[in-house]
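First comes the structure, then the notes that go with it.
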2 protein chains.
Amino acid sequence: MTSSPPQSSGPMTDDRRAVTPVDPARGTRRGLGLDQISLDAGFWKTRQDANSAGTLRHCIDWMERLGWLANFDRVAAGTMDENRPGWQFSDSEVYKLLEALAWEYGRTRDPEIDAIFESLVDRVAAAEDDDGYLNTCFGHAGRPERYSDLSMGHELYCAGHLLQAVVARLRTKGEDRFVALGRRVADHVLREFGPDARDGVCGHPEIEVALAEFARATGETRYRDQAQLFVERRGHGTLAPIPLLSREYFQDEIPVRDTASWHGHAVRALYLAAGAVDIAVDAGDAELLGALEEQWHRTVARRTYLTGGMGSRHQDEGFGEDWELPPDRAYCETCAGVASLMVSWRLYLATGRPKYVDLMERTLFNVIATSPSPDGTAFFYANPLQQRSESSDVLPDAVNSRAEGGVRAPWFDVSCCPTNLARTLASWQSYSAAVDEANVAVVLQYAAGEYRFKLSSGLLRVQVDTEYPNASEIHLRVQDAPPGGAPLRLRVPSWAIDAQISVNGGPAAPTEPGWCDLEQSVFRGDELRLMLPVEPRLTWPDPRIDAMRGTVAVERGPLVLCIESQDVPDGIPLDAITLDTSASLKSEGDGARGRARVLDVVGPADGTPPFGRAPTGETTSADFDLIFVPYHRWAERGPSTMRVFVPVADHVSLSGEQSSTDDVKGRTDDR
Amino acid sequence: MTSSPPQSSGPMTDDRRAVTPVDPARGTRRGLGLDQISLDAGFWKTRQDANSAGTLRHCIDWMERLGWLANFDRVAAGTMDENRPGWQFSDSEVYKLLEALAWEYGRTRDPEIDAIFESLVDRVAAAEDDDGYLNTCFGHAGRPERYSDLSMGHELYCAGHLLQAVVARLRTKGEDRFVALGRRVADHVLREFGPDARDGVCGHPEIEVALAEFARATGETRYRDQAQLFVERRGHGTLAPIPLLSREYFQDEIPVRDTASWHGHAVRALYLAAGAVDIAVDAGDAELLGALEEQWHRTVARRTYLTGGMGSRHQDEGFGEDWELPPDRAYCETCAGVASLMVSWRLYLATGRPKYVDLMERTLFNVIATSPSPDGTAFFYANPLQQRSESSDVLPDAVNSRAEGGVRAPWFDVSCCPTNLARTLASWQSYSAAVDEANVAVVLQYAAGEYRFKLSSGLLRVQVDTEYPNASEIHLRVQDAPPGGAPLRLRVPSWAIDAQISVNGGPAAPTEPGWCDLEQSVFRGDELRLMLPVEPRLTWPDPRIDAMRGTVAVERGPLVLCIESQDVPDGIPLDAITLDTSASLKSEGDGARGRARVLDVVGPADGTPPFGRAPTGETTSADFDLIFVPYHRWAERGPSTMRVFVPVADHVSLSGEQSSTDDVKGRTDDR
């Protein structure tokens, strides 16, 4: 399908401009500013607090410890040389943290946060070259030349993250020396890569989405023109190939508008798509927007996990092919979850379709909430849906590699995820409610707190009380409304097929997934009760997903659940467990309880690969209650084996000649 | 189990020493020399001829074209500099080709092959330094220092492949300047890495197995002592970690004798294991041999594909965890197949157990035979068991990356596989028959041709006539035998559960998998008829292999079969095909014919990941004959989609509420 892009809304008054990462130049649909929702105790407040109290300082500490911050000091002092700690893109981690701090300050107005921000800007700004070039890895004595490695140098990628931080600063504090620095950096990029200059793109997209928003924030369309140029240039093979990387890694083998599904490196593909949506919207390019909607649709329908996670491959950190969704080797990089939110949010703003917000909820609860530890100082880089081994190579106070296994790590060799989480969690509010066309207030994500909608007719203030997603009931009370009332729209998630709404204590009426539009405007004192039943339910994979054939998952509201080894009787390995789908599921805390049957396994014959003349699995020896916990909480009790998709007890037609009398504990038989 | 290593057999007379890559210093079990089997037309003759006529010269042409050979000339001329084409290990490709040429000459005595060999030695030898160091990447002006990067430098790896070529030369032609060069290179390694010198190992094992055999070939045990030192040094974390590589990549995190299963980079793990077996045997180390047998057992039982392929991961080209065997992303590197043969052959020689030879047959027919094109000038690097897309990025006359997709590539950026195949196919005979303890002649692999066993009592000459593996019958005629007759043992593969043997036209007697020992000695004129029924059969995966749940494979004799898109009615995608296991399988050429049922698929709802409230697969709309072809022939008719493991028609309990009326061709419904 092809969507019409939003019509230009013309210049808007300042008080309608929101404090948000995404503020399109066309269209009238706008996200609320992050200062327009005040969270009360609950799921997202807990995580935002851990981000404030834990993650932000944790990131600074590590970047200081590793010399990534001192790189700026050394450039300023003229002492940078061959020995520079960190990857070529380590500057970007500082910038993502600056962005997080800017949103944090915009939300909290905490002067301590502002002071930290300024102290970091002191060091970053001192490293700027006279012509606006700013990078600690390239262009200095002992370092490679500027733009000498567009494929892997990440210079424009770093500049992009700087500009996103500048946008956050401009929208939360206004013009200052950091914003001025950003203008010089952006102007440098335009001089170096403009239509008459170097015909290049960056190996890692990011500058596109950054320049597009920088144009919006500054009102200067030449930055958008440059972003558009970068989007259109890509896909024509200008990037030098890198040995052992697939050609689609950089998305440089096919233009964005000709792409069928997202492919190659997942974060690259999604950052590029986010920038392309911005261009499509602001330039009124319906064809490009339609292509991007198709890409989203096809990628979500065939290349996306139940958690919302994207990226099936460790190799090249990439998307897999259609239906290639292995649970155990799911990469589902935390940063790809962040990037997916960026794309879906932009497509929601462009089209108003609820499916984009549905995927965001799925991703928020099952990727974004899964990565950080409760105190915000350790992280999952990858978010697999199955863990086969309790062992982990994670080091508790050290730089970790990509850190496989069920232990969150404090920092990574490539440590993109902590700062990406930080900026996302600091700005959670800005993705959670909107003012739609025709001035309709829309609640998109449900959390306890106060939602303040600035409508053209006045302020609509709604207090939300809920224990969602643990409980089904969401109570909304209108604290303030414009004199003539206000239209209110509530999102009913696609999984909530038995949702109900009642108004002012009236009878509960069913409401379908999608938009629940209240029949009448709401007024001060109105009370609404939305029921989104979070009873546990079975969820079946498409039969074309080979790696999940014969299994089923359990979900509860927006939460994907999983089983963990700690909840299974001693001696029964997770790979011998099957779910009896004829037994009913019951809620249990924020998880569920089902019934397991144990698979008796006869191993392969001596000296042969694990294949035989007959099916060798029977489920006869034992059964027990099987506890499902939220996937986002996995490994919080220590390393575990885990799985989201559990084999179905009766999936094997047990007509095999081989019968089993072996104990599942022993497993001494498989030789 | 722990095996007793073979007893020392004492010095042997020259005429019993075989022309073979592996000639243990202890034990009396010996492989036949490659000059002791003359192949007639058939499966392996075809491939050996393609290797002779195609692969050998193809490899020289590419290494000349890319400057890998000229690197030696430049070092000799003193003109090597910063710009050196090829990876740091490209010298090893020249050495593997020299090894292939040496075996080819040893088998054929073709003077043209010898001339090519000598012309390459001219160039290699000219690059030797005065002290025996020989490497074109390190230790020259403009190049990194010698041994400055043990983790990734591959200097000892290259030296190891040189020494394997030297062993081949010594055993096929005798002492010459190339052998003398090898002695100087080996002595250099001992000086630099001996007990009192540098305490290091190479990031890529190979020097171990090479020095062990060099000791056997030269009779100088100090080379074996050095190999033993390298084996024992590894596993203590002396190698510098490489960013983004897992710590187990190099097998340097745990000593060989403490290892449970092979892990990390598959070729590295297997080369190391091969060298460790050599050390265990020659040093009489029963504990080490037992540990290696356990590793083989556990790895084969839980980490090995039906094809014999090893290595489940593209990432780090590595082994996966137990039961991690995805068909689509199976890496099964061709070189890992070669390395697996190396290990299994050594374990057979050490123990006499038939399971090692069974795995070799599986690997030979389904990995080694799969990689090369019929003319021997294009190759699969990875050997997956499922291909989802017909598209391929393989370039027909260019250096390819790792070349995913169903097209064999002429050459690779890392082009280890072509030369590894070349040396293996050139020496196929040396893995195919043996003289066992007590002077028993053993036929291990069946191919039409003449097998000449040098027994202590005299020559046993057996003519084998067979179309195996296409046909079941293997006819053996004793052409010559020692005056008192000779004991003869035939291998009955583990899959051949209905095998029969008849002697001199007598009644067919059943014979069990394992060893078929003839009751009486054979004499000149005796005729044997061994029947290894190659009727197609179903093979089921262990239920713990998640990625294969609900599927079944078809095998025929030693051949794994597969389905390819060319054999399926137009418009039916491979991912909609299921096998009706209630219908009988019939032989069809060298493949099989079964019955398919087509899966009607209802795609995911609009805008959701591909998961639903009910199973969505039914098999109702169509059925047709399903053709299975040998896996080794896949993609010979052009790019195809392919799968070895086919979903079982009735595996889904179809109680779902969703019924389907959709056409499988259209697939416009999944949005």
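Letters A, B, ... are given to chains in the order of the sequence lines, protein chains preceding strands, and every chain is numbered from 1.
Taking A:E248, A:E253, A:E321 one by one and counting their heavy-atom pairs under 4.5 Å with chain B, the maximum is reached by A:E321. When the candidates B:T304, B:V300, B:L538 are compared by the number of heavy-atom contacts under 4.5 Å with chain A, B:V300 comes out ahead. Between chain B and the residues A:I497, A:I545, A:V399, A:T299, the largest count of heavy-atom pairs under 4.5 Å involves A:I497.
Using a 4.5 Å cut-off between heavy atoms, A:P326 makes no contact with chain B at all. Neither the backbone nor the side chain of B:R303 comes within less than 4.5 Å of any heavy atom in chain A. With a 4.5 angstrom heavy-atom cutoff, A:Y305 touches chain B only via backbone atoms. With a 4.5 Å cut-off on non-hydrogen atoms, A:L245 touches chain B through its backbone but not through its side chain. With a 4.5 angstrom heavy-atom cutoff, A:Q386 touches chain B only via side-chain atoms. Proximity to chain B (any heavy atom under 4.5 Å) is shown, for A:R298, by neither the backbone nor the side chain.
For the pair A:E555/B:F611, no side-chain contact is recorded, criterion being any heavy-atom separation below 4.5 Å from C-beta on.
The residues A:R388 and A:D328 are annotated as salt-bridged, a charged nitrogen and a carboxylate oxygen being separated by less than 4.0 angstrom. Ionic pairing of B:E324 and B:R302 is not present here: no N-O contact between side-chain nitrogen and carboxylate oxygen is shorter than 4.0 angstrom. Under 4.0 Å is where a charged nitrogen must lie from a carboxylate oxygen, and between A:R643 and B:D546 at least one such pair does.
Checking side-chain atoms of B:N400 against main-chain N and O of B:L395 turns up a donor-acceptor pair under 3.5 Å. Although no hydrogens or angles enter the test, the distance criterion places no donor-acceptor pair under 3.5 Å between the side chain of B:H297 and the main chain of B:Q295. A donor-acceptor pair is defined here as one N or O able to donate and one able to accept, closer than 3.5 Å; such a pair exists between the side chain of B:R362 and the backbone of B:L306.
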